[in-house]
Protein chains: 2
Amino acid sequence: MYFTSTFNDNAHMEFNSKDCRSNCPINFILETFGDKWTLLVIRDLMFKGKRHYGDFLASEEKISTNILADRLQRLEERGVINKTIDPNNRSKFIYSLTQKGKDLLPVMLEITAWSGRYDSLTNTPKWFLQALKEDKAGLASKILSELDEPSSK
Amino acid sequence: MYFTSTFNDNAHMEFNSKDCRSNCPINFILETFGDKWTLLVIRDLMFKGKRHYGDFLASEEKISTNILADRLQRLEERGVINKTIDPNNRSKFIYSLTQKGKDLLPVMLEITAWSGRYDSLTNTPKWFLQALKEDKAGLASKILSELDEPSSK
DNA sequence: CAAGCAGCTTGCATTTTGCAAGTAGAATTA
DNA sequence: TAATTCTACTTGCAAAATGCAAGCTGCTTG
């Protein structure tokens, strides 16, 4: 079957740690994000304004198309992202973060801070790392408000 | 060769994103922690007072011994943990977090907060989630001080 | 000095990943 | 309106990572 559900039938079905190796919160996040690719999709949605399948494929880490399809489906199943038809082009889908996805922002920001400290070649701009130190909450709400703009492109 | 270095010869060799798929901070953390097991070892060191090889093997997620050996070695190479001989038993090694490892605490706490919000079966105690909301910094410094105690067992 | 423990290593079957190529439907172009 | 292109996948297969069991080695303990 080629058709896949555009809206999440299982939105009411919570994914929780009964389906996991343990009820540990660290393990819980690993069961969804514990691989080399999933968090890059979140990054693209959260920080890079990417919305379409082809946008994710074009990222510099070069995710392969079968892995991307698999990860997008899993993220939708678990309520982290939404998939809707692009009103401007009915052959395209728009992927976006749900509230559950947006709530990963503090995790993403702490990761960015840690990498900023320990990767001498990090591409995070100085002003961003500075803002992380001096006004994390302000930075976070700015990023969230940009996410809610009709289009960030 | 059976013998492996007990102290990190490459401590001066920084692992940075030149060896990675990109210079992105999110990708940087994935290159070390982007798998199903590594972060559980960090959790055991950070929150559970585990120190010995056998302690990690005994965790409820049941890591297998070859994977554990591989992950411990990688973490040591990358300067996230230290490996020393246990003075109480010269056939044992003690693993511990370096400063670089301890600096993952904010990431771990945000993960715990997120899972606390979205996993209805999380095993994180209510008081811990409460403390995360109300006094994150206080909670963090308490955890760090416990890490520095001579033995938390 | 024999037995046991702690920390691995090795071998092999299973699963996941990575790359290339193919497919289906909507939109665009000729 | 027929052919081509665009977008989002699916499929097949080789390569790599994982999982399990067994084995090995250097202490320590009886």
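Atom C1' of nucleotide D:dC20 and atom CG of B:Leu68 are separated by 15 Å, given to the nearest angstrom. The interatomic distance linking B:Phe56 (CZ) with C:dG7 (P) rounds to 9 Å, in whole Å. In this structure, the CD atom of A:Glu61 is 15 Å from the C1' atom of C:dG18, given to the nearest Å. If you measure from atom CZ of A:Arg74 to atom C1' of C:dT17, you get 13 Å, rounded to the nearest angstrom. In this structure, A:Leu57 atom CG and C:dG18 atom C1' are separated by 13 Å, rounded to whole Å. Atom NZ of B:Lys62 is separated from atom C1' of D:dA21 by 16 Å (rounded to the nearest Å). Spacing between atom CD1 of A:Ile85 and atom P of D:dC9 amounts to 11 Å, rounded to whole angstrom units. For B:Glu76 and C:dC8, the CD to C1' distance is 14 Å, given to the nearest whole Å.
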Return the polar atom pairs (N/O with N/O) between nucleotides 14-18 of chain D and the protein under 3.5 Å, or none.
| from | atom 1 | to | atom 2 | distance (Å) |
| --- | --- | --- | --- | --- |
| D:dT18 | OP1 | B:Arg71 | NH2 | 3.1 |
| D:dT18 | OP2 | B:Arg71 | NH2 | 2.9 |

Using a cutoff of under 3.5 Å, can you pull out all pairs of nitrogen or oxygen atoms linking the protein to nucleotides 28-30 of chain D, with atom names and distances?
| from | atom 1 | to | atom 2 | distance (Å) |
| --- | --- | --- | --- | --- |
| D:dT28 | OP1 | B:Arg90 | N | 2.5 |

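In terms of position along DNA chain C, the nucleotide closest to B:Tyr53 lies nearer the 5' end than the nucleotide closest to the other residue of the pair B:Tyr53 and B:Arg21.
Using a 4.5 Å cut-off on side-chain heavy atoms (C-beta onward), B:Lys133 and B:Leu129 make no contact.
A:Arg51 has no carboxylate O lying under 4.0 Å from a charged side-chain N of A:Asp86, or vice versa, which leaves the two without a salt bridge. Under a 4.0 Å N-O distance rule, the pair B:Asp148/B:Lys102 qualifies as a salt bridge.
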Query - Verdict with reasoning, A:Ser59 to A:Lys48, per side-chain hydrogen bond (donor to acceptor under 3.5 Å, both in side chains) - result: CA-CA 10 Å; A:Ser59 285; A:Lys48 308 213 169 185; over 6 Å; no
Report task. Applying side chain to side chain contact (heavy atoms under 4.5 Å, CB included), run through B:Phe47 and B:Met108 and close with a yes or a no. Result -> CA-CA 10 Å; B:Phe47 299 117; B:Met108 301 295 273; 3.8 Å; yes
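In this structure, A:Leu109 and A:Ile143 approach most closely via the heavy-atom pair CD2-CD1, 4.1 Å. Scanning both residues, B:Thr98 and B:Gly79, for their nearest heavy atoms gives OG1-O, 2.6 Å.
For A:Lys142, there are no salt bridge (charged side-chain N to carboxylate O under 4.0 Å, His left out) partners at least two apart in sequence or on another chain.
Distance from the side chain of B:Ala69 is smallest for C:dT9 among the nucleotides D:dC9, C:dG7, C:dT9.
Of the side-chain N and O atoms in A:Lys92, none sit less than 4.0 angstrom from OP1 or OP2 of C:dT28.
Between A:Phe28 and A:Phe15, the gap from one ring centroid to the other is short of 6.0 Å.
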